[in-house]
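The structure appears below as structure tokens.
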Number of protein chains: 2
Amino acid sequence: MPEPPASAAARDTDRRTYTIGELARRYEVTPRTIRFYEQEGLLDPERRGQTRIYHDKDRVRLKLTLRGKRLGFSLAEIREVIHLYDHAPDGDERQLRRMLDILDEKRAALTRQLQDIQALQNELDDVEARCRDSLASLSRQRASS
Amino acid sequence: MPEPPASAAARDTDRRTYTIGELARRYEVTPRTIRFYEQEGLLDPERRGQTRIYHDKDRVRLKLTLRGKRLGFSLAEIREVIHLYDHAPDGDERQLRRMLDILDEKRAALTRQLQDIQALQNELDDVEARCRDSLASLSRQRASS
DNA sequence: AGTCTACTTTACGTAAACGTAAGCCTGCTC
DNA sequence: GAGCAGGCTTACGTTTACGTAAAGTAGACT
């Protein structure tokens, strides 16, 4: 799904707010899941009375979280990335350099993932080839009977 | 099923067997984990008496399993792929076609993963850029003092 | 024979990531 | 003003993927 460009319309989108139910439907999770992510420090929505109000920033965080989950990261790891994202510019030099190190580490993990995906795709190619061979030999059998 | 021809060296490798401890050390998991994978139908080692004997085929399965795990697949999903791999050529036409469908599905999942990785890499790039900006502005501050 | 070391089974424990149910509040809408 | 939809909290339940401990066995070394 393509993100809207930074136009007047985008500003509009940025001002939008969401209820927990809206977000849940949009990303196909339950409200319970969203509340759980908040409890785990991944979200921090505004409150109006007791009710949670989600802004676009929260929505992006949720999206990031679900992406991380699809890649097999734990919520703790995802929280780390999110906090990187939010606190990147503040901190002393030592902290910033440490952050760059962590970034390298995360990048390395993603590279490993890429390799794993390639390897798995090759396996799938292999299975598919054998499947197709079998199908072909079945149809040859049929032809010669 | 005709065993692969392979070279003398490869045959050597193929004839090697491993104890559970050897495999565990090699792949940095515990014996417990390996037994658990067997219990879940992911491995099926030979037995000599009570002791498990792992052949190269089992080792490859374990490798495949760990790869799947790194990608966030559940053991159930990995088992599905492994059984695809093992039973690809036997089955009637309907089964084979269904298998090709499942393959497409798995491939789609991997493609989604690739996209997720790209997106996350972009986020990391973003964080890194902001980090470097902050570092630069820190050093400018130092220079002007 | 005794002692390691590495294997085995059985079984209970645990962390992560939610699901599910109960009970309450609030703002419509008929 | 009764009901209903959707939000809230609290709390216990569940699945997955192992960890951990106890108790036993089998071969190798001293």
Side-chain angles (χ1 to χ4, degrees), chain A residues 16-55 58-59 61-83 106 109 113 116 120, chain B residues 16-55 58-59 61-83 106 109 113 116 120:
Chain A
R16 265 218 61 185
T17 65
Y18 311 84
T19 70
I20 197 169
E22 284 168 353
L23 274 191
R25 273 187 301 279
R26 180 157 179 175
Y27 292 101
E28 297 183 290
V29 295
T30 67
R32 164 65 173 145
T33 297
I34 296 181
R35 289 192 200 101
F36 181 73
Y37 289 168
E38 175 181 349
Q39 182 183 325
E40 295 297 304
L42 295 166
L43 298 173
D44 185 22
E46 185 194 335
R47 291 281 187 144
R48 192 160 310 167
Q50 220 184 10
T51 309
R52 293 169 173 83
I53 310 269
Y54 297 87
H55 294 200
D58 302 303
R59 191 180 58 73
R61 275 203 193 185
L62 177 57
K63 208 168 67 177
L64 192 65
T65 299
L66 296 175
R67 191 143 65 203
K69 279 221 58 195
R70 284 198 297 274
L71 290 172
F73 290 117
S74 71
L75 294 186
E77 290 170 316
I78 296 170
R79 182 175 42 207
E80 220 182 317
V81 173
I82 284 183
H83 284 98
K106 299 286 174 192
Q113 298 238 52
D116 285 333
L120 256 185
Chain B
R16 263 220 62 184
T17 65
Y18 311 85
T19 70
I20 198 170
E22 283 168 353
L23 272 193
R25 271 187 301 279
R26 179 158 179 175
Y27 291 101
E28 299 184 287
V29 295
T30 66
R32 164 64 173 147
T33 297
I34 295 181
R35 289 193 198 100
F36 181 73
Y37 289 168
E38 174 180 351
Q39 181 183 323
E40 295 298 302
L42 295 166
L43 297 172
D44 187 22
E46 185 193 335
R47 291 281 186 145
R48 192 157 311 165
Q50 219 183 10
T51 308
R52 294 169 172 84
I53 310 270
Y54 297 88
H55 294 191
D58 302 303
R59 192 180 57 74
R61 275 204 192 184
L62 177 57
K63 208 167 66 176
L64 192 66
T65 300
L66 296 175
R67 192 144 61 205
K69 279 220 58 194
R70 283 197 299 274
L71 290 173
F73 290 116
S74 72
L75 294 185
E77 290 172 315
I78 296 170
R79 181 175 44 208
E80 220 181 318
V81 173
I82 285 183
H83 284 94
K106 298 285 175 194
Q113 298 237 52
D116 285 334
L120 256 186

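A, B, ... follow the sequence lines: proteins, then strands. Residue 1 opens every chain. Computed over heavy atoms, backbone and side chain alike; hydrogens, waters and symmetry mates excluded.
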Point-to-point distance, once rounded to the nearest 0.5 Å, from OG1 of Thr19(A) to OH of Tyr54(A):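 Going from OG1 on Thr19(A) over to OH on Tyr54(A), the span is 9.0 Å.
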
Among Arg25(A), Arg35(A), Glu38(A), side-chain contact (heavy atoms from CB on, under 4.5 Å) partner for Ile20(A): Arg35(A)

Axial bend angle, the helix from dA1(C)-dT30(D) to dC30(C)-dG1(D): five-pair end segments, nearest 10°: 10°

Counterpart residues, salt bridge (Lys or Arg N to Asp or Glu O under 4.0 Å), relative to Glu22(B) (two or more places apart): Arg16(B)

Partner residues of Lys106(A) under the salt bridge (Lys or Arg N to Asp or Glu O under 4.0 Å) criterion, sequence neighbours left out: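 Listed in chain order: Glu80(A).
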
Considering all heavy atoms, the nearest Leu75(A)-Phe36(A) contact: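 Closest pair (atom of Leu75(A), atom of Phe36(A), distance): CD1-CE2, 3.6 Å.
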
Closest heavy-atom pair and its distance - Ala24(A), Ile34(A): N-CD1, 3.7 Å

When the side chains of residues 40-48 of chain B are checked against the rest of the protein, which donor-acceptor pairs come out under 3.5 Å, sequence neighbours left out?
| unit_1 | atom_1 | unit_2 | atom_2 | d |
| --- | --- | --- | --- | --- |
| Glu46(B) | OE1 | His55(B) | NE2 | 2.7 |
| Arg47(B) | NH1 | Gln50(B) | O | 2.7 |

Nucleotide-resolved protein contact map, nucleotides 6-16 of chain D, B/S/- at heavy-atom distance under 4.0 Å: -SSB-------

Identified side-chain hydrogen bond (donor to acceptor under 3.5 Å, both in side chains) counterpart of Asp116(A) within the set Arg67(B), Arg70(B), Gln113(B):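 Option passing the side-chain hydrogen bond (donor to acceptor under 3.5 Å, both in side chains) with Asp116(A): Arg70(B).
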
Tyr27(A)/Arg59(A) under side chain to side chain donor-acceptor pair (under 3.5 Å): CA gap, chis, key distance, verdict: CA-CA 9 Å; Tyr27(A) 292 101; Arg59(A) 191 180 58 73; 2.8 Å; yes

Side chains of Tyr37(B) and Asp58(B) in contact at under 4.5 Å (non-hydrogen atoms):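 Heavy-atom side-chain distance check fails, nothing below 4.5 Å.
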
Outermost nucleotides of DNA chain C that come under 4.0 Å of a non-hydrogen atom of chain A: dA17(C) to dT20(C)

